[in-house]
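Here's the structure, in structure tokens; my notes come after.
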Amino acid sequence: MKNDFRKNLSGGATSAYQIEGAWNSDGKGPSIWDVFCMIPGKVHNGDTGAIACDHYHRMADDVALMQQIGLQAYRFSISWPRILPAGRGAINKQGIEFYNKLIDKLLEAGIEPWVTLYHWDLPAALEFEHGGWLGEATSDAFADYADVCFNHFGDRVKNWITINEAWVVAILGYGLGVFAPGRVSNSAPYLAGHNLLKAHGKAVRRYREKYQSTQKGQIGITNNCDWREPLTDSDADKQAATRALEFFLAWFVDPIYKGDYPESMKSRLGARLPSISAGDRELILGSSNFFGLNHYTAMFAADASGGAVPGNVYGNGGLSEDQDVSLSVSPDWKLTDMQWAIVPWGCRKLLEWIAARYGNPPLYITENGCAFDDPVVNGTVQDTARIAFFDSYLSEMHRAIQNGVDLRGYFIWSLLDNFEWASGYSKKFGITAVEPGTLRRIPKDSAWWYRKVIQKNGLM
Ligand code: GAL
């Protein structure tokens with residue numbers, strides 16, 4: 001297993017709903033994203049993932065493309081409703097076959113598969129039956145689904161990620177209602193978050209009890225976090241920045257590494273935050289072999305206990321009234337098309353914060369990237385801003401490694417321009433363009449740049 005960053009683990013990432021398409025083909029059941037996209041006004045331009053990049057039918061060519069770019073690892077997600085169309089019970093053989101072929105093709109190409117079990121496309125049946133992640137039954141169904149995956153794919157898959165970005169699922173899906181299933185509430189996110197952690201713990205327990213000793217793989221969870229820099233040197237702002245990181249990242253990571261939610265969340269949320277029982281603690285504490293991190297941007301944080309907090313958007317840290325934190329960006333920072341600021345040193349500071357708080361765990365950056373819309377000209381895409389972005393972030397990661405952070409691997413987001421959730425196809429994160437209509441793949445300059453970085457195992 002090549003799992004030492006210094007030995008070159010550099011990969012690319014995607015997720016099922018964002019690229020596969022074939023939303024109702026070959027026995028697949030509907031997911032909450034299939035349903036959410038049908039609601040007028042929820043997704044930019046009325047876009048859906050019904051066809052997406054049609055990866056389901058172009059998988060072999062996409063693996064050839066990865067090989068051409070020189071990826072050493074590929075992080076993709078399995079669509080739960082493609083494997084279990086009703087969320088539980090009968091297995092869809094065609095779904096198993098699709099992922100079997102993908103895994104085999106990757107291994108033939110010398111690319112290590114990194115598999116995410118849940119990247120947001122919950123089987124719609126579980127939303128109707130149990131309120132999705134608001135029902136504990138969904139966490140049991142998740143463990144059963146994970147078991148099916150370990151059983152069918154674990155002979156070849158040695159790197160498992162249970163849940164992608166519980167914060168996004170909880171806050172955007174069950175708090176702000178801007179992602180599926182679209183619920184609006186100031187308490188539901190904390191219950192959803194609790195059940196997501198239990199789902200992770202139950203799947204890991206299953207892996208450890210039934211598979212890990214024979215299959216010899218590793219399993220963890222991936223969380224997302226932006227950096228929060230104190231706006232001023234005041235103690236109040238420093239505490240606000242820490243509080244913001246606790247409500248963002250430590251919410252899901254403290255239970256795994258320390259066995260409980262952060263004190264700041266417990267005292268501010270009261271009964272809205274479920275408590276971690278002795279049984280939950282046993283399930284969740286120590287349940288990750290590695291620390292998965294998705295990182296995109298940074299903001300300044302200031303104490304807002306005395307005044308109004310600006311409105312809340314994707315990426316700014318949750319239901320801010322619970323935190324008394326005011327977030328802002330510097331006018332000097334350049335922005336990507338998502339309006340996310342490019343702050344590479346924030347990545348280093350976050351890595352160092354994680355290493356200090358959690359005892360320097362083995363870390364993988366499982367997503368990092370930027371949206372820019374560069375045109376295709378004569379069959380090429382000169383995405384210089386994306387290259388500069390990757391170059392600057394990788395440099396800061398290198399500094400973090402020099403400072404002792406145990407960073408072992410890196411995945412760019414994303415291999416392809418794809419369905420960017422509520423933004424539809426309007427935001428382009430790919431190192432490969434996907435031509436509208438024909439869906440032809442056109443590697444951008446950043447893809448060839450990344451190839452050289454991987455070959456050289458260093459920046460230009
Ligand atoms: C992450 C997510 C990805 C991708 C990316 C860019 O939150 O896991 O699916 O959309 O952000 O927004």
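Just so you know, ligand 1 is whichever comes first in the structure, and atom 1 is the first atom listed for that ligand. The chain is numbered in sequence order, starting from 1.
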| message | Closer than 3.5 angstrom, by distance alone: can the side chain of R82 be matched with the main-chain N or O of A22 as a donor-acceptor pair? | response | yes
| field | Charged N-O contact under 4.0 Å between K198 and E136 | value | yes
| message | With heavy-atom distances below 4.0 Å as the criterion, list the atoms of ligand 1 near W421. | response | 3 (C), 4 (C), 9 (O), 10 (O)
| At a non-hydrogen distance cut-off of under 4.0 Å, which region of W167 contacts ligand 1 (side chain, backbone, both, or neither)? | neither
| Would you say ligand 1 has an N or O under 3.5 Å from any N or O of E165? | yes
| said: For ligand 1, which is the ligand I care about here, please tell me if H119 has any N or O atom under 3.5 Å from one of the ligand's N or O atoms. | reply: yes
Could you give the side-chain donor-acceptor pairs of residues 368-375 under 3.5 Å, partners two or more places apart or in another chain?
{"residue": "N368", "atom": "OD1", "partner": "Y410", "partner atom": "OH", "Å": "2.7"}
{"residue": "N368", "atom": "ND2", "partner": "H295", "partner atom": "O", "Å": "2.9"}

| message | Considering W413, F419, F179 one by one, which has a heavy atom nearer to atom 4 (C) of ligand 1 than any of the others? | response | W413
| field | Selected option - heavy-atom contact closest to atom 8 (O) of ligand 1, from M338, K427, H295, E367 | value | E367
| request: For Y56 and D26, test the side chains for any donor-to-acceptor distance below 3.5 angstrom and give the result as yes or no. | output: yes
| query | Any non-hydrogen atom of N164 lying under 4.0 Å from ligand 1? | reply | yes
| task | Kindly say whether Y261 contributes a backbone atom to a donor-acceptor pair with the side chain of D254 at under 3.5 angstrom? | result | no
| Hey, which atoms in ligand 1 end up nearer than 4.0 Å to a heavy atom of E420? | 4 (C), 6 (C), 10 (O), 12 (O)
| Any Lys/Arg nitrogen of D337 or K427 sitting under 4.0 Å from an Asp/Glu carboxylate oxygen of the other? | no
| task | Salt-bridge test for R441 and D62: reply yes if a basic N is under 4.0 Å from a carboxylate O, no otherwise. | result | yes
| query | Should you measure from each heavy atom of F429, which atoms of ligand 1 turn up under 4.0 Å away? | reply | 6 (C), 12 (O)
| message | Using a 4.0 Å cut-off to any heavy atom of Q18, which atoms of ligand 1 qualify? | response | 3 (C), 4 (C), 9 (O), 10 (O)
| How long is the gap from CG on L176 to CD1 on I171, to the nearest 0.5 Å? | 6.5 Å
| query | Backbone or side chain, does any N or O of W120 fall under 3.5 Å from an N or O of ligand 1? | reply | no
